[in-house]
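Following: one structure in structure tokens, then a few remarks.
All values below were derived from every heavy atom in this structure, side-chain atoms included, with hydrogens, water molecules and symmetry-related copies excluded. It should be emphasised that the depicted structure is a prediction, and the values quoted were computed from it without experimental measurement. Chain naming here is simple, since letters A, B, ... match the order of the sequence lines and numbering starts at 1 in each.
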There are 2 protein chains.
Amino acid sequence: MDTTQLLKGVLDLAVLAVVADEDGYGYDVVRRLRAAGIEEVGDASVYGTLRRLYASGALTSYVVPSDEGPHRKYYGINAQGRAVLDAQRKDWDEFARTMSRLLGTEAGR
Amino acid sequence: MDTTQLLKGVLDLAVLAVVADEDGYGYDVVRRLRAAGIEEVGDASVYGTLRRLYASGALTSYVVPSDEGPHRKYYGINAQGRAVLDAQRKDWDEFARTMSRLLGTEAGR
DNA sequence: CACACTACTGCGCGTCGCGCGGTAGTGTCC
DNA sequence: GGACACTACCGCGCGACGCGCAGTAGTGTG
């Protein structure tokens with residue numbers, strides 16, 4: 001039941017994709033990922049990933065005070081982030097195709 | 001270039017699939033995985049995975065002396081291994097489909 | 001005023017793939 | 001016959017990363 005291991009190295013990609021679609025703050029990104037089908041993702045993982053991506057220069061960040069709760073730290077994608085997203089998306093596609101071929105499911109053909 | 005992280009949690013599955021196809025020894029499994037497109041896999045990872053799978057009861061093992069090199073430790077899949085393989089294959093398919101959907105590539109449809 | 005929800009942070013843990021080095025058997029080439 | 005290459009396996013320590021948990025803080029509700 002270790003679906004958690006499948007996320008390794010892919011959470012970056014998933015988070016980038018979500019943020020690329022529209023700027024988002026941590027709590028919101030968690031909800032969007034879960035809504036997209038990645039139900040098992042832990043909130044700490046997402047917050048950590050966002051911070052890591054920001055530290056690596058792939059995301060911008062700005063704080064917006066909210067009048068219905070704590071402040072929200074928004075993250076947006078920049079040019080470098082988009083480059084990373086494209087590269088990782090390509091890697092993923094290729095890898096997924098390879099795995100599908102290996103597993104004998106014809107999904108990758 | 002961190003394709004290595006993509007393997008997390010999937011090497012088990014890949015190794016099981018290869019061994020399920022036909023019994024194999026470590027060095028051979030490495031070659032078969034690389035031939036299948038998983039070029040970056042390290043030999044230590046495969047040996048470790050085989051040992052781990054064996055320890056968990058998913059594989060059987062027997063040593064065959066070779067007259068053209070060192071002995072070979074063959075691994076074969078058993079009923080439990082096949083159950084694990086099926087379960088993980090299902091998890092992977094579902095996960096890959098979810099990711100494809102999220103990424104907007106229509107490969108998962 | 002206890003509780004629930006929103007929102008973020010920090011810490012320590014466990015898993016697992018990897019690089020590296022070591023051992024050992026066989027065959028090849030000069 | 002000695003250096004080298006290939007086959008085949010093992011052990012060790014490292015680093016990445018997702019996770020659970022606990023903590024803090026703001027807002028609204030019974």
Side-chain angles (χ1 to χ4, degrees), chain A residues 1-16 19 23-34 38-56 58-59 61-75 84 88 91 95 99, chain B residues 1-16 23-35 38-56 58-59 61-75 84 88 91 95 99:
Chain A
M1 230 45 12
D2 254 333
T3 336
T4 166
Q5 289 296 327
L6 292 176
L7 276 180
K8 293 274 176 174
V10 181
L11 229 201
D12 277 33
L13 177 54
V15 166
L16 281 171
V19 171
D23 286 11
Y25 54 97
Y27 201 79
D28 176 52
V29 172
V30 172
R31 272 188 304 219
R32 285 205 262 162
L33 286 173
R34 296 212 172 121
I38 311 178
E39 325 259 355
E40 336 75 20
V41 72
D43 59 338
S45 307
V46 175
Y47 284 116
T49 301
L50 283 169
R51 266 177 273 154
R52 196 156 25 83
L53 287 172
Y54 173 70
S56 80
L59 297 180
S61 174
Y62 50 101
V63 172
V64 176
S66 166
D67 44 335
E68 37 184 55
H71 69 280
R72 293 165 172 174
K73 191 179 283 184
Y74 276 81
Y75 291 95
V84 173
Q88 291 202 3
D91 283 352
F95 184 74
M99 280 302 295
Chain B
M1 229 47 14
D2 254 334
T3 335
T4 165
Q5 288 297 326
L6 291 177
L7 276 181
K8 291 275 178 176
V10 181
L11 230 202
D12 277 33
L13 177 53
V15 167
L16 280 171
D23 285 11
Y25 54 97
Y27 201 80
D28 176 53
V29 172
V30 171
R31 273 189 303 218
R32 285 205 262 162
L33 285 174
R34 296 211 171 122
I38 312 180
E39 324 259 356
E40 335 75 22
V41 73
D43 59 338
S45 308
V46 175
Y47 285 116
T49 301
L50 283 168
R51 267 176 274 152
R52 195 154 27 82
L53 287 172
Y54 173 70
S56 81
L59 298 179
S61 175
Y62 50 101
V63 173
V64 176
S66 166
D67 44 335
E68 37 183 55
H71 69 281
R72 295 164 172 176
K73 191 179 281 182
Y74 276 81
Y75 292 94
V84 173
Q88 291 202 3
D91 284 352
F95 184 75
M99 281 303 295

* D:dG18 phosphate, OP1 or OP2: any side-chain N/O from A:Thr49 under 4.0 angstrom? -> yes

* Report yes if at least one side-chain N or O of B:Arg31 is closer than 4.0 Å to OP1 or OP2 of D:dA8; otherwise report no. => yes

* To do: Measure the distance from CG on B:Leu16 to P on C:dC16 and round it to the nearest whole Å.
  => 13 Å

* Asked: Roughly, in whole Å, what's the span from OH in B:Tyr62 to C1' in D:dC9?
  -> 17 Å

* Asked: Do the non-hydrogen side-chain atoms of B:Thr49 and B:Val46 ever get within less than 4.5 Å of each other?
  -> no

* Asked: What does A:Asp28 touch in the nucleic acid at a heavy-atom separation under 4.0 angstrom: a base, only the sugar-phosphate, or nothing?
  -> nothing

* Do the side chain of B:Arg34 and the main chain of B:Val41 share a donor and acceptor less than 3.5 angstrom apart? -> yes

* Using whole Å, report how far CD1 of B:Ile38 lies from C1' of C:dC18. => 15 Å

* Structure fact -> Test ring-ring contact (aromatic ring centres under 6.0 Å, His included), reference A:Tyr25, set A:Tyr62, A:Tyr75, A:Tyr47, A:Tyr74, output is A:Tyr74

* **Contact nearer the 5' end of DNA chain D, comparing A:Asp67 with B:His71** => B:His71

* Structure fact -> Whichever of A:Gly69 and A:Asp43 has the more 5' nearest nucleotide on DNA chain D, that residue is A:Asp43

* Structure fact -> Taking D:dC21, D:dC9, C:dG19 as options, the one with an atom nearest any side-chain atom of B:Ala44 is C:dG19

* If only side-chain N and O atoms of A:Tyr27 are considered, is one of them under 4.0 Å from the OP1 or OP2 phosphate oxygen of C:dT6? -> yes

* Asked: Of the nucleotides C:dA24, C:dC8, C:dC18, which one has an atom closest to the side chain of B:Pro70?
  -> C:dA24

* **Trace of the side-chain contact (heavy atoms from CB on, under 4.5 Å) decision for B:Leu59 with B:Leu16** => CA-CA 9 Å; B:Leu59 298 179; B:Leu16 280 171; 4.1 Å; yes

* **Atom pair distance, as rounded to whole Å: CZ in A:Phe95 and P in C:dG17** => 10 Å

* Gap between atoms CG and C1', on B:Leu50 and C:dC18 respectively (whole Å) -> 16 Å

* Asked: So, is B:Arg51 close to the D:dG11 phosphate, meaning a side-chain N or O under 4.0 Å from OP1 or OP2?
  -> yes

* To do: Using atom CG of A:Leu6 as one end and atom P of D:dC17 as the other, report the distance to the nearest whole Å.
  => 16 Å

* **Under 3.5 Å donor-acceptor, B:Arg72 side chain and B:Val63 backbone** => no

* Structure fact -> Side-chain atoms of B:Leu11 come closest, of C:dT15, C:dG17, D:dT7, to C:dG17

* To do: Starting from the C-alpha separation in whole Å, work towards a yes-or-no answer on side-chain contact (heavy atoms from CB on, under 4.5 Å) for A:Val64 and A:Lys73.
  => CA-CA 6 Å; A:Val64 176; A:Lys73 191 179 283 184; over 6 Å; no

* With respect to the side chain of B:Leu7, which nucleotide from D:dC19, C:dC18, C:dT6 is positioned closest? -> C:dC18

* Euclidean distance, atom NZ of residue B:Lys8 to atom P of D:dC19 [Å, nearest integer] -> 13 Å

* Structure fact -> In whole angstroms, the gap separating C1' of D:dC17 from CG of A:Asp12 amounts to 9 Å

* On DNA chain C, check which nucleotide each of A:Lys73 and B:Arg52 is closest to and give me the residue with the more 5' one. => A:Lys73

* **Closest to the A:Tyr25 side chain, choosing from D:dG20, C:dA7, C:dC20** => C:dA7

